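Small disclaimer: the values here were computed from a predicted structure and weren't measured. Residue numbers start from 1 in every chain, and the chains themselves are labelled A, B, ... in the order their sequence lines are given, proteins ahead of strands.
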Amino acid sequence: MAEVEETLKRIEAHKGVIGTIVVNAEGIPIRTNLDNSTAVQYAGLLRHLTMLARSTVRDIDPQNDLIVLRIRTKKYEIMVTPENGFLLIVIQNPCE
Amino acid sequence: MFTDEALDSVSVRSLWRKSQQSEQESRDCQTRAVHSAEAGIQTVFTTLSCTQTEPQDQATEQLLQQNHNEPEPLGLKDFLQRVEEAVIRELVRNARSHAFDGFQVNWGDRSQLVSCLHCLQHPITQERGLHVTSVSWSCTGSVIACAYGRIDDGNWSTERSYVCMWNLDRRGLSPSQADLVIDVPTAVTALCYHPSQPALIAGGLYSGEVVVWDTSRTQDPVLALTGMSADSHREPVYQVAWVPLQKKGEFGVLSASSGGRVLVWTVDSDQGRFILNAAYALVQQQVSHSSSVSFKARGSSTVGVTSLALSPWDSDTFLVGSEGGLLLRCSFSSKVPAATPSDGQSVTLRAPAVFSFRPHSGPIHSIHCSPFHRNLFVSAGTDGLAHLHSLLQANPLLSLRVSDSYVFQVQWSPTRPLVFAAATGQGEVQIFDLGHRSLRPAATIEQRGAGQAASCLSFNCQNPHLLAVGNTDGTVGVWQLSADLTEQSPRESSQLEQIANQVAE
């Protein structure tokens with residue numbers, strides 16, 4: 001269990017990372033360093049988007065699969081890594 | 001010899017008509033016979049059930065489980081180990097990447113001009129020549145309320161006045177006739193809409209009373225009234241605001257008057273009155289003087305409050321500006337008793353002043369705390385300058401010349417951290433952008449009609465491109481701002497941070 005915390009701490013310690021959220025298969029955030037309501041909002045919205053992105057990639061080429069979904073916005077960048085039901089969401093502010 | 005000849009007529013057969021007709025064919029068809037059958041049924045037993053959704057926030061609180069003591073879900077450790085490297089690689093690459101430097105996306109039509117959408121006026125107030133003293137947008141952003149009175153009147157006046165409301169999203173909006181008019185017995189000097197309930201609006205009157213109107217009531221919109229009791233103000237109320245109380249979701253009304261009192265009331269809507277929750281009195285001697293300017297205190301003269309601002313970051317702090325130019329930072333939780341004799345108040349008076357900034361050279365008409373930085377606020381008064389202060393220093397960080405006459409109100413833009421607007425006595429509204437190097441305004445809204453002053457302004461937080469400006473000729477202009485004044489650019493927050501961290505000379 002300590003490894004999970006350590007891994008998340010390593011990711012959070014990176015330059016510019018604002019928050020991380022780990023979402024389980026039901027869409028509920030299980031580990032996060034943001035506040036509850038924000039985490040739940042991100043989890044719910046990004047789950048749908050990730051499923052849609054994944055089905056788009058597989059429709060185009062069934063041998064292919066989604067690795068990372070990155071959304072670049074004016075203020076920061078959101079990276080979603082889906083795998084085996086879990087989702088890892090990292091929000092980073094690329095300092096310029 | 002000459003006889004009439006009768007000739008047979010000659011006819012020529014038509015060739016083309018027949019050739020068209022030769023192609024004709026006819027067919028017919030019929031569906032099979034339609035089968036029909038009849039049967040009867042009857043319900044044997046019935047059941048009834050109903051459902052209702054629960055309010056949203058209860059559900060979200062239960063969803064998140066942060067139990068570190070519970071054994072973690074299966075596969076979480078493996079999942080994280082697998083993705084960690086890839087994620088860290090991408091994060092590092094991202095931090096170094098210049099791919100998106102200077103790239104601006106353009107989603108909608110950007111309007112380049114500042115234009116006047118509506119010019120609202122009400123006939124009765126025009127006839128009587130009343131000035132607009134305060135404007136306020138409702139929490140939904142569609143209704144604007146305007147309070148009328150006089151800003152230049154020094155004498156005690158008993159003329160009746162009005163509060164008019166227009167709903168700008170209505171199709172039948174008539175700019176020359178208000179949707180709702182509330183009669184008020186004296187001039188209204190301050191107005192503030194409730195931050196979450198769109199029908200409640202608090203107002204401060206020239207006689208020192210504080211009123212809350214409920215516009216959803218058809219009969220009598222007055223929900224609560226302080227009346228002339230020992231608790232209420234004796235001087236005109238220049239600012240009202242809704243403050244969050246201890247219990248989450250409840251709001252009380254804060255009123256500040258030129259008698260030096262700042263009072264916090266709770267609304268008792270059943271009985272239609274206010275209950276005094278906390279009272280603060282500002283007295284000259286108790287104001288801490290941290291600057292080098294010395295004040296000769298003559299007796300226990302009160303500090304007349306002409307403007308007040310609540311800090312959106314710290315619920316304990318509020319800022320007060322006075323008639324004499326004093327600018328003070330005050331605290332709600334101060335326990336120091338005030339040095340004035342109490343005249344039968346139900347709550348003991350406290351002295352809230354904690355820190356005093358460098359005083360202005362005239363009455364301060366307006367203060368506003370920045371919604372983007374916890375330490376910054378802007379203040380303006382009759383000296384025609386807008387001062388940008390940090391809460392941590394006594395001297396202002398920046399002083400901008402807004403106009404040659406009085407400045408009646410300043411407000412920060414709700415969407416751009418570096419922009420604020422100021423309403424001047426010459427009738428113009430100057431909008432400043434601190435990101436520009438020059439000290440000149442980024443945009444100027446000039447209103448038609450010379451000799452009138454712009455007495456109040458308010459940004460619409462729901463539709464951030466709307467700005468309402470109230471004038472002394474009784475009209476309220478609703479202006480649409482251009483896209484570069486409302487859309488935030490990527491580096492603004494860090495620029496604001498830099499400005500705030502400057503040390504004042």
Q) With a 4.5 angstrom heavy-atom cut-off, which part of A:Glu83 approaches chain B: side chain, backbone, both or neither? A) both

**Q.** chain B contact via A:Leu8 - side chain, backbone, both or neither, heavy atoms under 4.5 Å
**A.** side chain

**Q.** chain B contact via A:Ile21 - which portion, at a heavy-atom distance below 4.5 Å
**A.** neither

Q.
Report which part of B:Arg82 has an atom under 4.5 Å of a heavy atom belonging to chain A: side chain, backbone, both, or neither.
A. side chain

Q.
For the residue pair B:Asn460 / B:Ser458, report whether a side-chain donor-acceptor contact shorter than 3.5 Å exists.
A. no

Q. Using non-hydrogen atoms only, which part of B:Val83 is less than 4.5 Å away from chain A: side chain, backbone, both, or neither?
A. side chain

Q | Step-by-step salt bridge (Lys or Arg N to Asp or Glu O under 4.0 Å) determination, B:Glu90 to B:Arg93 | A | CA-CA 5 Å; B:Glu90 289 300 325; B:Arg93 209 187 297 165; 3.7 Å; yes

Q.
For A:Thr38 and A:Asp35, which I'm curious about, is there any donor-acceptor pair between the side chains at under 3.5 Å?
A. yes

Q) Non-hydrogen atoms of chain B under 4.5 Å away: do they reach the side chain of A:Val90, the backbone, both or neither? A) side chain

Q.
Testing the 3.5 Å rule here: is there a donor-acceptor pair between the side chains of B:Asn375 and B:Ser390?
A. no

Q) Taking the side chain as C-beta and beyond, is there a heavy-atom pair between B:Val378 and B:Trp412 under 4.5 Å? A) yes

Q. Tell me, side chain or backbone of A:Glu77 under 4.5 Å from chain B's heavy atoms, or both, or neither?
A. side chain

Q: Measure the shortest side-chain to side-chain distance between A:Leu87 and A:Val22 over non-hydrogen atoms and say whether it is less than 4.5 angstrom.
A: no

